[in-house]
Peer 1: 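Sharing a structure with you now.
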Amino acid sequence: EIDWDFLSRNPNAIDLLETNQDKINWVELCNNPSAIDLIEKQIKYENSLTKEEYNDLYFEDKINWSQLCLNPNAIHLLLKNKAKINWSNLSVNPNAIDLLKERVEYENNLSSKHYNSLGVTKKINWIHLSDNRNPNVINLIKRNLNELDQMSWRILCSNPNAIELIKHTKDKISWKWLSANPNAIDLLKERVVYEKTLTKSQYNNLYFENKIDWEELSLNPNAIDLLKKNQDKIEWFELAENPNAIDLLKQRIEYENNLTKTQYNNLKKLDKISWLALSRNPNAIDILKGNQDKINWKYLSANPAIFK
């Protein structure tokens with residue numbers, strides 16, 4: 001059965017949503033980069049309502065400005081409605097770089113008392129900014145390194161645009177978070193070699209932040225060669241979502257299909273394919289076509305490849 005909440009997020013579902021607007025979840029749609037025309041019309045409609053009429057709308061039936069701040073194609077709408085901006089959410093929006101630069105400068109010029117009086121949604125979230133995938137954000141971060149707390153550095157380690165900064169601040173590396181970084185493969189390969197030289201006791205004594213996270217690495221689209229060489233460490237549950245792991249996944253499905261029911265049930269959760277995760281993998285459509293009894297239709301509704 002189609003899940004309209006998930007479908008409202010799907011960037012390739014716009015034609016279907018336009019002809020079924022009564023089923024749209026507007027909170028989810030606000031984060032859909034292909035739904036800007038629908039969103040603009042809804043904003044105009046909401047602006048035409050009285051305050052009472054607007055308040056009578058259900059939560060899912062009106063624009064959610066906090067979610068809209070996450071939408072990379074909604075910047076022109078946010079510029080017209082600056083009072084409604086959630087700056088914490090906007091901090092992760094890759095197309096909001098000019099707005100974010102202005103806001104950082106504004107906040108840096110505030111007194112401590114004024115800055116501290118701002119609500120969470122009214123100021124830059126440096127953890128979110130560390131996860132912003134606009135390359136120009138890194139220069140903004142470099143000029144404000146004093147704003148980064150430990151969690152911000154962790155998130156920054158997963159940001160593919162921060163790799164040069166990370167190389168020059170190796171004491172800040174969280175190997176757990178770096179494992180998710182598609183541009184950190186050379187560093188990760190070196191770390192895997194290093195960890196293999198450790199005794200079991202030395203490895204177990206490493207703090208969890210200081211060693212490769214194979215769960216995160218299994219999701220890393222650029223780590224396929226590394227995973228192929230270390231298949232005993234693959235988290236198959238997570239790998240099911242990796243768009244570049246289709247060949248490995250096909251082999252694993254064949255292996256699982258050849259197990260007895262008892263053998264399959266004895267596998268740990270992370271040691272078997274997650275059909276939920278596979279259902280949202282855009283490169284797994286052919287696999288799903290051949291295994292329709294295993295499809296999670298809710299998650300398939302969010303898979304952009306179902307409309308191709």
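Numbers here simply count residues along the sequence, with the first being 1.
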Peer 1: Salt bridge (Lys or Arg N to Asp or Glu O under 4.0 Å), that's the test. Do D131 and R133 meet it? Break it down for me.
Peer 2: CA-CA 6 Å; D131 197 31; R133 300 308 164 96; 2.8 Å; yes

Peer 1: Taking N161's backbone N and O only, do any of them form a donor-acceptor pair with N183's side chain (distance below 3.5 Å, no angle check)?
Peer 2: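 No, because the side chain of N183 does not come within donor-acceptor range (under 3.5 Å) of the backbone of N161.
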
Peer 1: Are L145 and V137 joined in one hydrophobic group, where the rule is that I, L, V, M, F, W and Y side chains link up if heavy atoms are under 4.5 Å apart?
Peer 2: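 Same cluster: L145 reaches V137 through Ile, Leu, Val, Met, Phe, Trp or Tyr contacts under 4.5 Å.
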
Peer 1: Can you check whether L206's main-chain N or O pairs, donor with acceptor, with N210's side chain at less than 3.5 Å?
Peer 2: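 Not at all, since once roles are kept as given, no pair shorter than 3.5 Å links the two residues.
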
Peer 1: Before accepting this row, confirm whether a basic side-chain N of the pair K211/D213 lies closer than 4.0 Å to the acidic partner's carboxylate O.
Peer 2: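 Between D213 and K211 there is no salt bridge, as every charged N stays at least 4.0 Å from the carboxylate O atoms.
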
Peer 1: Looking only at non-hydrogen atoms, find the nearest pair between L77 and I43 and report the distance.
Peer 2: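 Here L77 and I43 meet closest at CD1-CD1, 4.0 Å.
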
Peer 1: Considering non-hydrogen atoms only, spot the tightest contact between L217 and I212 and give its length.
Peer 2: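 Heavy-atom minimum between the residues: CD2-CG2, 4.2 Å.
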
Peer 1: Do R154 side-chain atoms and E209 backbone N/O form a donor-acceptor pair below 3.5 Å?
Peer 2: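 Not a single qualifying donor-acceptor pair exists.
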
Peer 1: So, E46 side chain and Y54 main chain: donor-acceptor pair closer than 3.5 Å or not?
Peer 2: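 Checking the backbone N and O of Y54 against the side chain of E46, no donor-acceptor pair under 3.5 Å is found.
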
Peer 1: Using a 4.5 Å cut-off on heavy atoms from C-beta on, say whether the side chain of N134 contacts that of L100.
Peer 2: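 No - every pair of side-chain heavy atoms lies 4.5 Å or more apart.
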
Peer 1: Compare every heavy atom of E107 with every heavy atom of I124, then report the nearest pair and how far apart it is.
Peer 2: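 In terms of heavy atoms, the two residues are closest at N-OE2, 2.8 Å.
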
Peer 1: Can you confirm if the NZ or CZ of K123 lies within 45° of the ring axis of Y115 and under 6.0 Å from the centre of its six-membered ring?
Peer 2: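 Positive - K123 is close enough to the ring of Y115 and near enough to its axis.
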
Peer 1: Suppose the criterion is side chain to side chain donor-acceptor pair (under 3.5 Å): which pairs have a residue in residues 15-36, not counting sequence neighbours?
Peer 2: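 Sorted pair list: D5-N25, R9-E28.
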
Peer 1: Is there a path of hydrophobic side-chain contacts, each under 4.5 Å between heavy atoms of I, L, V, M, F, W or Y residues, that connects L219 with I246?
Peer 2: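 No.
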
Peer 1: Tell me, please, which residues at least two apart from E190 pass side chain to side chain contact (heavy atoms under 4.5 Å, CB included).
Peer 2: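 E190: side chain to side chain contact (heavy atoms under 4.5 Å, CB included) contacts with L187.
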
Peer 1: Which heavy-atom pair separates A277 from F237 by the least distance, and what is that distance?
Peer 2: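 The answer is CB-O, 4.1 Å.
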
Peer 1: Mind checking what makes side chain to side chain contact (heavy atoms under 4.5 Å, CB included) contact with Q263, not counting sequence neighbours?
Peer 2: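 Result, side chain to side chain contact (heavy atoms under 4.5 Å, CB included) vs Q263: L259, T260.
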
Peer 1: Check step by step if side chain to side chain contact (heavy atoms under 4.5 Å, CB included) holds for I173 and W153.
Peer 2: CA-CA 8 Å; I173 287 180; W153 278 105; over 6 Å; no

Peer 1: Taking 4.0 angstrom as the limit, do E195 and R191 come out as a salt bridge?
Peer 2: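 R191 and E195: salt-bridged.
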
Peer 1: For L57, does its backbone N or O pair with a side-chain atom of D61 as donor and acceptor, under 3.5 Å?
Peer 2: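 Side chain of D61 to backbone of L57, a donor-acceptor pair under 3.5 Å: no, none is there.
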
Peer 1: Within the distance-only criterion (no hydrogens, no angle test), does the side chain of N303 pair as donor or acceptor with the backbone N or O of Y299 below 3.5 angstrom?
Peer 2: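 A pair under 3.5 Å: no.
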
Peer 1: Look at the side-chain heavy atoms of Ile, Leu, Val, Met, Phe, Trp and Tyr, link any pair under 4.5 Å apart, and say whether Y45 and I39 land in one connected group.
Peer 2: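 The answer is no; the residues belong to distinct hydrophobic clusters.
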
Peer 1: Consider only side-chain N and O atoms of S91 and N125, and report whether a donor and an acceptor are under 3.5 Å apart.
Peer 2: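 Absent: no donor and acceptor within the cut-off.
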
Peer 1: Among the clusters formed by ILVMFWY side chains lying less than 4.5 Å apart, do F307 and I36 turn up in the same one?
Peer 2: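 Result: yes, single cluster for both.
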
Peer 1: Contact between V27 and F59 at the side-chain level, heavy atoms closer than 4.5 Å - yes or no?
Peer 2: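 The answer is yes; the side chains approach within 4.5 Å.
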
Peer 1: Considering all heavy atoms of both residues, which atom of L248 and which atom of L239 are nearest to each other, and what is their separation?
Peer 2: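 The answer is CB-CD2, 4.0 Å.
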
Peer 1: Side chains of E40 and H76: closer than 4.5 Å at any heavy-atom pair?
Peer 2: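 They are in contact (side-chain heavy atoms under 4.5 Å apart), so the answer is yes.
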
Peer 1: Do the side chain of E238 and the main chain of E235 share a donor and acceptor less than 3.5 angstrom apart?
Peer 2: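 Here the side-chain-to-backbone pair does not exist.
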
Peer 1: Do W87 and L118 have side chains that get closer than 4.5 Å, going by heavy atoms?
Peer 2: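 No - every pair of side-chain heavy atoms lies 4.5 Å or more apart.
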
Peer 1: With distance as the sole test, does N71 use its side chain to make a donor-acceptor pair with the main-chain N or O of C30 at under 3.5 Å?
Peer 2: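 Checking the backbone N and O of C30 against the side chain of N71, a donor-acceptor pair under 3.5 Å is found.
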
Peer 1: Could you verify whether a donor N or O on one side chain and an acceptor N or O on the other, from N204 and S201, lie under 3.5 Å apart?
Peer 2: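 Per modelled atom types, N204 and S201 side chains form no pair under 3.5 Å.
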
Peer 1: Strictly distance-based, threshold 3.5 Å: is any side-chain N or O of N159 a donor or acceptor partner for the main-chain N or O of I155?
Peer 2: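 The answer is no, because no donor-acceptor pair under 3.5 Å joins these two groups.
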
Peer 1: Any Lys/Arg nitrogen of K272 or E256 sitting under 4.0 Å from an Asp/Glu carboxylate oxygen of the other?
Peer 2: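 Between E256 and K272 there is no salt bridge, as every charged N stays at least 4.0 Å from the carboxylate O atoms.
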
Peer 1: Could you tell me whether the side chains of E215 and S218 share a donor-acceptor contact shorter than 3.5 Å?
Peer 2: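 Looking only at side-chain atoms, S218 and E215 do not form any donor-acceptor pair under 3.5 Å.
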
Peer 1: Regarding K298 and the six-membered ring of F6, is the cationic atom NZ or CZ under 6.0 Å from the ring centre and inside 45° of its axis?
Peer 2: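 Judged by the rule, K298 and F6 form no cation-pi pair.
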
Peer 1: So do N10 and I306 actually touch side chain to side chain, heavy atoms under 4.5 Å?
Peer 2: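 A side-chain contact exists here, since the closest heavy-atom pair is under 4.5 Å.
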
Peer 1: Using only heavy-atom distances, determine whether the side chains of N108 and N144 contain a donor-acceptor pair under 3.5 Å.
Peer 2: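 Their side chains do contain a donor-acceptor pair, which is all the 3.5 Å distance test asks for.
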
Peer 1: Under 3.5 Å, is there a donor-acceptor pair between the side chain of R103 and the main chain of K122?
Peer 2: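 Yes, R103 side chain to K122 backbone: donor-acceptor pair under 3.5 Å.
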
